[in-house]
Chemist: 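Here it is, the structure, as structure tokens.
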Amino acid sequence: MTPAQGQTPVQPARRIAYDVLAAVSTDDAYANLLLPTLIARAALNSADAGLATELTYGTLRLRGYYDRVIALAAGRDIGQIDTGILDVLRLGAHQLLATRVAPHAAVNESVALARMVGSRSAVGFTNGVLRTISRSTPEEWRERVLAAATNADDRLAADYAHPAWILRAFRQALALEGRADELPALLAADNQAPRVNLVALPGLAEVPDDAETDRYSPFGFTLSGGDPDAAIRHEDGRLRVQDEGSQLAALALSRARPVTAGERWLDLCAGPGGKTALLGAEAALSGATVTANEIVPARAQLVRRAVAPVPGDIAVTELDGTQVGELQPEAWDRILVDAPCTGLGALRRRPEARWRKTAKDVADLTVLQQSLLLSAFDALKPGGVLAYVTCSPHVAETRGVVSDALRRLGDAAELLDTAGAVQSVAVEKLDLPDPVAGETGTTVQLWPHRHGTDAMFIALIAKSRSTARTR
């Protein structure tokens, strides 16, 4: 739609940001998938692409905070505001309160957006709300928002733009390490744009000379400037974007113990294939073979593309992971169970997840996670090892699933020293909690604020030579 004569045109970067916000709100779209597509389709230059990215992710990260500001400025609950206009107001509030965009530009372009998606009365409403917001400083609005909070957790949720149930889950996970006081630092880290981290697949590519190597992963790095996509295209997929925590999770399994040539490895929930590619590169160096399984056909295609640069024939199956143990009993030497989860450990990268997920999702997911872990254990050879991994620090999805599985499996399963395995892989020693006296098995929880990674959880579990067990 083109603006009428005399009306303010909407800058393409702002229109794209709005389109992503609207798709997230109404269609449960994923910003990290939709935004690059819209930017490419519009052929934005680098400056406009950067603006669209900042506006999109900045607004999504602080959406809950902006909703509180909007409610105060509008004098009404946000549930009474049309969804399309609410997204316009969120985008405008972000520009007014957290960017260097001139206030008149933020208001005028937001009004132009409102004219495109709302009624005449909605246009006036948008103009009034944003002008009200523009009359006070960001510090004044923060004071008002915090003053309106109902309790200490609601105040923290408002200040750091996290739902209260998530911050309570984070506090519980940190408290198990004796570090509950780190909660504000963790919440703040979630609201920072993460660096673009890459991996050079071992044996297939080298870390570029001008790159900054990762603190922990021996194959991870960041680029100081330029377009990482160009480097990835030049190496034909042998360099790829991958969080350092994900690299450590895959390497913990591949290097948990020496590899015997001929070993068979399985990535049970492989989509989109980043960890599979790293495992495949590791396997090729040691004489092992890898199979990937992904139940969703579209994601299975992503896995096939991800492993294309890796030598060896990496088969990709599309089985129900909860049935693999029955279909392929005691068939695999190593299994990665990168279980579907809430994704609360990657809120820096997928900020909309904090507003999309609910506590009920955790209960539903833990049932699936438990089924996948037990199925993987059945598919594991006696003496084999599996890695249970989630990109979530929620205790129910991490220690809870593992402890319940170990209780069911009895003497057939042993929790290994996962912390020791990860430390042996890491270039630099990680800051991990001291093991509890008398415990031989450990798990690892990585953190954005402490390690600069996504909040990956890793647990290595071995199957005894005698597999008798009770469920």
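Just so it is clear, the model here is predicted, and its values are computed rather than measured.
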Chemist: Step by step, would you call E294 with Q301 a side chain to side chain contact (heavy atoms under 4.5 Å, CB included)?
Modeler: CA-CA 9 Å; E294 172 53 56; Q301 281 299 104; over 6 Å; no
Chemist: The test is side chain to side chain donor-acceptor pair (under 3.5 Å); show your working for T342 and D361 and say whether it passes.
Modeler: CA-CA 7 Å; T342 56; D361 293 322; over 6 Å; no
Chemist: Any donor-acceptor pair under 3.5 Å linking the side chain of S424 with the backbone of A421?
Modeler: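 Pair found, side chain donor or acceptor close to backbone of A421.
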Chemist: For the residue pair R61 and R354, establish whether any side-chain heavy-atom pair is separated by less than 4.5 Å.
Modeler: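 Of all side-chain heavy-atom pairs linking R354 with R61, at least one is under 4.5 Å.
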Chemist: Taking all non-hydrogen atoms of both residues into account, name the closest pair between T442 and T418 and its distance.
Modeler: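 Minimum heavy-atom contact is O-OG1, 2.7 Å.
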Chemist: Can you see which heavy atom on Y30 is nearest to which on R356, and at what distance?
Modeler: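 In terms of heavy atoms, the two residues are closest at CE2-NH1, 3.6 Å.
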Chemist: Taking D378 for its side chain and G325 for its backbone only, find out whether a donor-acceptor pair lies under 3.5 Å.
Modeler: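 Not at all, since once roles are kept as given, no pair shorter than 3.5 Å links the two residues.
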Chemist: Taking all heavy atoms of A169 and all of H394, pick out the closest pair and write down the distance.
Modeler: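 Closest heavy-atom pair between A169 and H394: CB-CD2, 3.5 Å.
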Chemist: So, D214 side chain and Y216 main chain: donor-acceptor pair closer than 3.5 Å or not?
Modeler: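 Answer holds: no.
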Chemist: Taking E397 for the side chain and L365 for the main chain, is one N or O donor matched with an acceptor at less than 3.5 Å?
Modeler: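 Not a single qualifying donor-acceptor pair exists.
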Chemist: Verify, without hydrogens or angle tests, whether Q369 (side chain) and P340 (backbone) share a donor-acceptor contact under 3.5 angstrom.
Modeler: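 Side chain of Q369 to backbone of P340, a donor-acceptor pair under 3.5 Å: yes, one is there.
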Chemist: Under 4.0 Å between a side-chain nitrogen and a carboxylate oxygen: does that hold for D67 and R90?
Modeler: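 Judged by the 4.0 Å cut-off on N to carboxylate O distance, D67 and R90 do form a salt bridge.
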Chemist: Below 4.5 Å, heavy atoms only, C-beta onward: do L409 and L374 meet side chain to side chain?
Modeler: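 They are in side-chain contact.
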Chemist: Going from CG on L406 to CZ on R399, what distance comes out if it is rounded to the nearest 0.5 angstrom?
Modeler: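 So the gap between those two atoms works out to 12.5 Å.
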Chemist: Does this structure show an ion pair linking D333 with R264, if we count only N-O contacts that are shorter than 4.0 Å?
Modeler: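 Not counted as a salt bridge, because no side-chain N and carboxylate O are separated by less than 4.0 Å.
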Chemist: Count the heavy atoms belonging to other residues, nucleotides or ligands that lie under 6.0 Å from CD of E212, then report whether that count exceeds 12.
Modeler: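 Open.
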Chemist: Please determine whether side chain to side chain contact (heavy atoms under 4.5 Å, CB included) holds for the pair V324 and L266, giving the CA-CA distance in whole Å, both sets of side-chain angles, and the decisive distance to 0.1 Å.
Modeler: CA-CA 10 Å; V324 165; L266 173 66; 4.0 Å; yes
Chemist: Taking all non-hydrogen atoms of both residues, which atom of P208 and which atom of L239 are closest, and how far apart?
Modeler: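 In terms of heavy atoms, the two residues are closest at CG-CD1, 4.4 Å.
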Chemist: Determine whether N293 and T317 satisfy the following criterion, side chain to side chain donor-acceptor pair (under 3.5 Å), listing intermediate values before the conclusion.
Modeler: CA-CA 5 Å; N293 181 72; T317 60; 2.7 Å; yes
Chemist: Any donor and acceptor pair, going by atom type alone, linking the side chain of R14 with main-chain N or O of S110 inside 3.5 Å?
Modeler: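 No.
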Chemist: Can R238 and E206 be counted as an ion pair, charged N to O under 4.0 angstrom?
Modeler: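 Salt bridge absent between R238 and E206.
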Chemist: For atom CD of E177, is the number of surrounding heavy atoms from other residues, nucleotides or ligands below 6.0 Å larger than 12?
Modeler: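 Yes, CD of E177 has more than 12 neighbouring heavy atoms, counting only those of other groups under 6.0 Å.
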Chemist: Answer yes or no: is there a donor N or O on one side and an acceptor on the other, between the side chain of H451 and the main chain of D431, under 3.5 Å?
Modeler: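 Yes, H451 side chain to D431 backbone: donor-acceptor pair under 3.5 Å.
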Chemist: For the side chain of N197 and the backbone of Q242, is there at least one donor-acceptor N/O pair under 3.5 Å apart?
Modeler: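 Looks like yes, one N/O pair under 3.5 Å.
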Chemist: Distance from I335 atom CD1 to L268 atom CG, nearest 0.5 Å?
Modeler: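 Taking CD1 in I335 and CG in L268, the distance rounds to 7.0 Å.
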Chemist: How long is the gap from CE on M456 to OG on S246, to the nearest 0.5 Å?
Modeler: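 That separation rounds to 4.0 Å.
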Chemist: Looking at D190 and R348, is there a salt bridge between them, counting it only when a charged N and a carboxylate O are closer than 4.0 Å?
Modeler: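 Salt bridge absent between R348 and D190.
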Chemist: Can you find a heavy atom in the side chain of L248 that is under 4.5 Å from one in the side chain of L430?
Modeler: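 SC-SC contact between L248 and L430 confirmed.
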Chemist: Considering all heavy atoms of both residues, which atom of A22 and which atom of D87 are nearest to each other, and what is their separation?
Modeler: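 For A22 and D87, the tightest heavy-atom pair comes out as CA-OD2, 3.5 Å.
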Chemist: Kindly indicate whether the side chain of L336, heavy atoms from C-beta on, has any atom under 4.5 Å from the side chain of K275.
Modeler: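 With C-beta onward as the side chain, the pair touches.
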Chemist: Run the salt bridge (charged side-chain N to carboxylate O under 4.0 Å, His left out) check on E330 and K381 step by step: do they pass?
Modeler: CA-CA 4 Å; E330 299 188 347; K381 290 181 181 179; over 6 Å; no
Chemist: Check the pair T213 / V427 against side chain to side chain contact (heavy atoms under 4.5 Å, CB included), numbers first and verdict last.
Modeler: CA-CA 10 Å; T213 56; V427 176; over 6 Å; no
Chemist: Which pairs count as side-chain hydrogen bond (donor to acceptor under 3.5 Å, both in side chains) when at least one residue sits in residues 163-172, sequence neighbours excluded?
Modeler: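 Qualifying pairs: D153-R171.
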Chemist: How far does CD of Q247 sit from CZ of F219, to the nearest 0.5 angstrom?
Modeler: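 Going from CD on Q247 over to CZ on F219, the span is 9.0 Å.
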Chemist: Does W447 form a side chain to side chain donor-acceptor pair (under 3.5 Å) with Q445? I'd like the steps, not just the answer.
Modeler: CA-CA 7 Å; W447 295 103; Q445 180 64 66; 5.9 Å; no
Chemist: Using side-chain contact (heavy atoms from CB on, under 4.5 Å) as the criterion, point out the one residue from T443, V401, V395 that pairs with F457.
Modeler: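 One option only clears the test, and that one is T443.
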Chemist: Which distance, rounded to the nearest 0.5 Å, do you find between the CG of L35 and the OG1 of T56?
Modeler: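 L35 atom CG to T56 atom OG1 measures 4.5 Å (nearest 0.5 Å).
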Chemist: Under 3.5 Å, is there a donor-acceptor pair between the side chain of D454 and the main chain of A346?
Modeler: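 It does not hold such a pair.
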Chemist: Are side-chain heavy atoms of N191 and Y160 found at a separation under 4.5 Å?
Modeler: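 Answer yes - side chains close enough.
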Chemist: With sequence neighbours excluded, tell me which residues meet salt bridge (charged side-chain N to carboxylate O under 4.0 Å, His left out) with R305.
Modeler: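 R305 satisfies salt bridge (charged side-chain N to carboxylate O under 4.0 Å, His left out) with no residue once adjacent residues are dropped.
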Chemist: Compare every heavy atom of A412 with every heavy atom of F377, then report the nearest pair and how far apart it is.
Modeler: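 Heavy atoms of F377 and A412 come nearest at CZ-O, 3.2 Å.
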Chemist: About how many Å separate CG of L344 and CZ of F170, when rounded to the nearest 0.5 Å?
Modeler: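 It comes to 5.0 Å.
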Chemist: Measure the shortest side-chain to side-chain distance between I39 and T53 over non-hydrogen atoms and say whether it is less than 4.5 angstrom.
Modeler: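 The answer is yes, as the side chains (C-beta and beyond) meet within the 4.5 Å cut-off.
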Chemist: Would a 4.5 Å heavy-atom cut-off, applied to side chains only, mark L386 and L460 as touching?
Modeler: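 Result no, sub-4.5 Å side-chain heavy-atom pair not found.
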Chemist: I'd like to know if E282 and R255 make a salt bridge, using a cut-off of under 4.0 Å between side-chain N and carboxylate O.
Modeler: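 Yes, this pair counts.
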Chemist: Would you say I295 and E318 make side-chain contact, with heavy atoms under 4.5 Å?
Modeler: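 Side chain of I295 against side chain of E318, heavy atoms only: no contact under 4.5 Å found.
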Chemist: Checking the side chain of R350 only, and the main-chain atoms of A31 only, is there a donor and an acceptor separated by less than 3.5 Å?
Modeler: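 Here the side-chain-to-backbone pair does not exist.
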Chemist: L223 and V196: side chain to side chain contact (heavy atoms under 4.5 Å, CB included), yes or no, with the steps?
Modeler: CA-CA 8 Å; L223 295 174; V196 178; over 6 Å; no
